[in-house]
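Input: a single structure, listed below in structure tokens.
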Amino acid sequence: MTVLLIRPDSWNLPLLLHVGGAMALVASVTVAAVALIQGWRTGDPSSASLKRFGARTLLYAAIPSFFVMRIAAEWILSKEHLENSNAAWIGDGFLAGDAGGLLLLIATIVANVAVRRDPDSGLGKLAKVGASLSVVLIALYVFAVWAMTTKPS
Amino acid sequence: MGYSTLLFLHVTSAFTMVTAAGLLLAIALAQRSNRHSATALRLAPAAAILWPIGSLLAIVFGVWLALHDSQYSLGDGWIIAAIVLWVIGGAIGGRLGAGYRKVTASGAAADPSALVLNLALVVTLVVILIDMIYKPGAS
């Protein structure tokens, strides 16, 4: 198998934005997941603060990072002329990106609705759904990194 | 281990490192708000685990990749630059983690320079990523 180690210079910026956006996305979803899970585990008054922190992190950090990652993904695909490719790793990337985007949107909505409904109490059912979805997202992103780096045929 | 597996492990480790930096930054930002200051340190244990694991594995698999592939050499300028930046980032992350552990253990006041150190860490990681993507000087 031949591996292309040095790519054309024109691919670098979209790739930088794609990888950088993905890293920021994973980091912010993980921060939100840790905050929400810590809020879930504790019964003291800090759980309300952790719920709010997790919900706001999803809204203000994860969602913008997702758009940077996803838009840059389209950009690099067009640079590589792979828009119509049937390669499995590209399909895997779309699966993780688009299904993950939907899960991220649901997690963000339920966590922030939970904060709005009951700002001074613990997680509640809605925020727990947000916490669980955040963990699922992290697993999905590990799968995406595996698909993008190993490029299974 | 093949190139693809090494690349996956290297990139996953780098994601782990960036995630830990995100947790450290979140703690620093939360400490600036009265509403979140008490709870921010609940993020510290996760950062304390992820930072050393991510940074150590990133350099191990990165060096392994450089040795594994004949097109790379540890003497390449962009690889030397990445290693120097990794040492700088490691020192900053280690200091931040130690500071947060101290605050958690003894209830000491947060280090006022933590936000500046966090921003320095973010800049270091961004420059490493640019170096990894652009590979300046690679032929």
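Keep in mind that the numbers below use all heavy atoms, side chains included, and drop hydrogens, waters and symmetry copies. Within every chain, numbering begins at 1; the chains are lettered A, B, ... in the order of the sequence lines, protein sequences first and strands thereafter.
- For the residue pair G22(B) and A27(A), the shortest heavy atom distance occurs at CA-CB, 4.5 Å.
- Remark: R95(B) CZ is loosely packed, at most 12 non-hydrogen atoms of other residues, nucleotides or ligands lying under 6.0 Å away.
- Of the two parts of A46(B), only the side chain, counted from C-beta on, holds a non-hydrogen atom closer than 4.5 Å to a non-hydrogen atom of chain A.
- Looking at T42(A), only its side chain comes within 4.5 Å of chain B, counting heavy atoms on both sides.
- I130(B) touches chain A through backbone and side chain together, each having a heavy atom under 4.5 Å away.
- The environment of OH in Y60(A) is sparse: at most 12 heavy-atom neighbours from other residues, nucleotides or ligands sit within 6.0 Å.
- V145(A) approaches T12(B) most closely through the heavy-atom pair CG1-OG1, 3.7 Å.
- There is no contact between A21(B) and chain A, counting heavy-atom distances below 4.5 Å.
- Scanning all heavy atoms of the two residues, the minimum distance from F53(A) to A26(B) falls at CZ-O, 3.6 Å.
- Looking at A22(A), both its backbone and its side chain come within 4.5 Å of chain B, counting heavy atoms on both sides.
- When all heavy atoms of T150(A) and F8(B) are compared, the pair lying nearest together is CG2-CB, 4.0 Å.
- Looking at heavy atoms from C-beta onward, Y134(B) lies in side-chain contact with L13(A) at the 4.5 angstrom threshold.
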